[in-house]
Amino acid sequence: MDLAAPPALLTRRHLHVAGAWVDPSSGDTIPVENPATGKTVGEVPAGAPADVDRAVAAARAAFPGWAATAPADRAAHLDRLYTALAARADEIARTVATELGTPLKLATRVQAGLPLIVLRGMVELAARPTAEQVVGNSLVVREPVGVVGAITPWNYPLHQVVAKVAPALAAGCTVVLKPSELTPLTAYLLFDAVTEAGLPPGVVNLVPGTGPVVGEALAAHPDVDLVSFTGSTATGRRIAHLAADRIARVALELGGKSANVILADADLPTAVKVGVGNALLNSGQTCTAWTRMLVHRDRYAEALDLVAAAVAGYRPGDPFDPATRLGPLVSAAQAQRVRDHVDRALADGARLVAGGPDAPLPPHGHFVAPTVFADVHPDSALAQEEVFGPVLAVIPFADTDEAVAIANNSRYGLAGAVWSADSDAALAVARRMRTGQVDINGGAFNPLAPFGGYKQSGLGRELGGYGLEEFTELKAIQR
Ligand code: NAD
């Protein structure tokens with residue numbers, strides 16, 4: 001296999017329903033674009049509500065059998081899925097590099113690597129019998145919630161899928177998946193692995209299509225018990241409305257505007273290097289990105305010099321070039337949205353430190369230069385709105401109370417960071433931050449820790465044992 005070249009035209013013509021590749025109800029298709037070139041590289045079916053009905057019926061039919069399957073047997077199925085998926089790691093990385101534009105090295109490590117780690121963890125959790133508890137005269141048991149509708153975004157196209165499908169299956173639920181229409185090809189590789197692993201028919205089904213058609217039909221379907229969604233806050237709100245009509249449960253993983261708080265005594269070169277890398281990860285198309293860098297005034301000038309130097313190392317380029325650290329944005333529309341945010345920040349008086357509208361870019365594709373603004377007002381649009389592109393806002397603070405106030409001045413609360421030579425001081429700040437995850441001095445991502453947001457960053461948690469519990473109902477049996 002030539003790992004240096006993008007895959008040839010990638011076209012898929014089927015849905016995956018009840019354990020088989022089946023024809024869609026209509027011949028409509030959705031093109032898939034390579035954002036580094038702007039060229040179409042493949043197409044997938046545009047699913048219709050009738051396809052959703054068929055897939056939900058398959059999931060409903062499979063549910064009693066899968067829910068009754070012993071945990072060890074469910075774990076054995078997931079273990080086979082892991083093996084089949086791991087065998088496709090190179091193909092996954094190349095497909096994500098092609099349909100999303102993630103640089104191949106990063107795609108290999110994160111886009112292909114992370115879902116495998118998450119799935120491995122779920123194999124182990126699935127094998128454990130569900131915890132039961134005695135409370136007085138009650139036996140409290142956990143049972144699978146039922147049929148799950150999973151709707152996922154494009155920025156980590158396999159990870160977001162596995163973060164839902166693996167715990168749902170581990171808990172004994174059955175699933176209908178609608179991946180993002182911008183990056184559907186990676187989901188097909190998962191279903192190749194599902195076929196190879198021989199999962200029981202109907203436990204997991206694939207209906208590609210657009211949000212307004214397939215996504216809405218799935219979220220509104222009367223036979224879907226839980227809608228598990230990752231994406232924008234605006235779409236999450238719509239899905240919650242659709243689910244509320246029938247009091248169905250929702251799990252929402254939404255946007256963020258996370259703060260990276262750098263206290264006066266921090267190891268500044270490390271804090272800035274890691275902070276810039278985090279903000280620019282996947283071209284800034286990361287829900288947890290630390291897009292607000294808060295720096296103590298005593299270190300502010302020094303920090304800005306370090307930021308500019310770090311950003312210079314992220315030259316946008318061809319995702320298949322091993323030297324590339326920054327790929328394109330996923331689409332022309334996304335690149336334009338990001339440029340609009342940059343223009344607005346300039347109009348609002350933020351000081352351009354790196355990048356900006358005039359920075360050099362590759363001649364084709366949806367590229368935006370990595371861009372840094374200093375002196376960003378905490379109430380300005382750039383400090384408040386999720387950009388979802390390679391744009392960092394640097395904000396000074398005078399003392400810890402002000403840092404915490406600025407960090408919490410957001411309608412989001414997904415992630416964050418604190419840097420200090422005093423780990424107790426850092427922990428005290430982390431405790432005061434109204435956000436679902438905080439990393440102290442570059443603490444590593446833990447795929448078994450609960451992941452999710454406060455405020456408008458979402459409802460519920462994914463990953464690990466806490467994530468698995470989202471796919472269960474509690475029952476109390478009195479004796
Ligand atoms: P999006 O909301 O546009 O789309 C996400 C999914 O929802 C896609 O599959 C889309 O087809 C579908 N969808 C769109 N409209 C729908 C509707 N009316 N009904 C049902 N489904 C619909 O988001 P996106 O642009 O794909 O992803 C970017 C967003 O996702 C960012 O805001 C980012 O912060 C967020 N995100 C959050 C997390 C997290 O874990 N918190 C992770 C990744 C991305």
Side-chain angles (χ1 to χ4, degrees), residues 30 35 44 46-47 49 52 99-100 110-111 114-115 118 149-164 176-184 186-187 206-221 224 227-243 245 248 250-258 281-291 329-331 333-335 337-338 341 385-389 410-416 435-437 445 447 449-463 467 470:
I30 299 174
V44 297
V52 174
E99 66 178 351
L100 175 58
V110 178
Q111 300 281 13
L114 182 57
V118 169
I151 302 175
T152 56
W154 43 263
N155 61 338
Y156 290 88
L158 185 61
H159 169 66
Q160 309 294 357
V161 167
V162 168
K164 299 184 185 314
V176 177
L177 168 70
K178 190 210 90 66
S180 169
E181 56 270 51
L182 294 177
T183 55
T186 318
L206 170 69
V207 183
T210 66
V213 177
V214 175
E216 295 240 351
L218 194 53
H221 202 288
V224 169
V227 186
S228 179
F229 170 76
T230 300
S232 63
T233 296
T235 306
R237 191 174 290 121
R238 171 74 185 142
I239 283 172
H241 278 293
L242 290 170
D245 278 344
V250 289
L252 304 174
E253 297 289 345
L254 310 175
K257 190 77 204 181
S258 297
L281 183 72
N282 206 29
S283 297
Q285 301 167 122
T286 302
C287 52
T288 51
W290 305 335
T291 48
L329 278 293
V330 70
S331 65
Q334 185 66 18
R337 271 196 288 273
V338 175
H341 279 286
E385 289 176 18
E386 182 180 52
V387 174
F388 231 55
S410 174
R411 65 177 178 279
Y412 296 113
L414 188 57
T435 189
Q437 289 227 337
F445 181 74
F451 178 93
Y454 283 33
K455 302 188 261 183
Q456 291 189 25
S457 287
L459 286 177
R461 294 294 180 267
E462 282 193 329
L463 302 182
E470 293 283 332

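All values below were derived from every heavy atom in this structure, side-chain atoms included, with hydrogens, water molecules and symmetry-related copies excluded. Numbering of ligands and ligand atoms starts at 1, following listing order.
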Original post:
Out of Leu414, Val227, Thr230, who gets a non-hydrogen atom closest to atom 5 (C) of ligand 1?
Top reply: Thr230
**OP:** Give the minimum heavy-atom separation between Gly215 and Ile151, together with the two atoms involved.
**Re:** O-CD1, 3.6 Å
Original post:
Hey, are the side chains of Thr230 and Tyr156 touching, using non-hydrogen atoms and a 4.5 Å cut-off?
Top reply: no
Original post:
Would you say Phe229 touches ligand 1, if touching means a heavy atom closer than 4.0 Å?
Top reply: yes
Original post:
Heavy-atom contacts under 4.0 Å between Glu181 and ligand 1: side chain, backbone, both, or neither?
Top reply: side chain
**OP:** Could you tell me whether Glu216 and ligand 1 have an N or O pair separated by under 3.5 Å?
**Re:** yes
Original post:
With only distance considered, is Gly231 within less than 3.5 Å of ligand 1 through an N or O on each side?
Top reply: yes
Original post:
Which of the listed options, Asn155, Leu177, Thr183, Thr235, holds the heavy atom that is closest to atom 3 (O) of ligand 1?
Top reply: Thr235
**OP:** Just go through Pro208, Ala150, Gly215 and tell me whose heavy atom is the nearest to atom 20 (C) of ligand 1.
**Re:** Gly215
Original post:
So which of Val387, Val214, Ile151 gets nearest to atom 12 (C) of ligand 1, if we judge by its closest heavy atom?
Top reply: Ile151
**OP:** Write out the residue and atom name of the closest protein heavy atom to atom 37 (C) of ligand 1, then the distance separating them to 0.1 Å.
**Re:** Leu254 O, 2.9 Å
Subject >> For atom 2 (O) of ligand 1, the option (of Ser232, Gly256, Gly458) bearing the nearest heavy atom >> reply: Ser232
Original post:
How long is the span from the NZ atom in Lys455 to the OH atom in Tyr412, to the nearest 0.5 Å?
Top reply: 11.5 Å
Subject >> Ser228 and Lys164: side chain donor to acceptor below 3.5 Å >> reply: yes
Subject >> Heavy-atom nearest neighbour in the protein, as seen from atom 25 (O) of ligand 1, with distance rounded to 0.1 Å >> reply: Trp154 NE1, 2.9 Å
Original post:
If you measure from CD on Gln111 to OG1 on Thr186, what distance do you get to the nearest 0.5 Å?
Top reply: 7.5 Å
Original post:
Against heavy atoms of Ile239, which atoms of ligand 1 measure under 4.0 Å?
Top reply: 20 (C), 21 (N)
Subject >> Any N or O of Lys178 closer than 3.5 Å to N or O of ligand 1 >> reply: yes
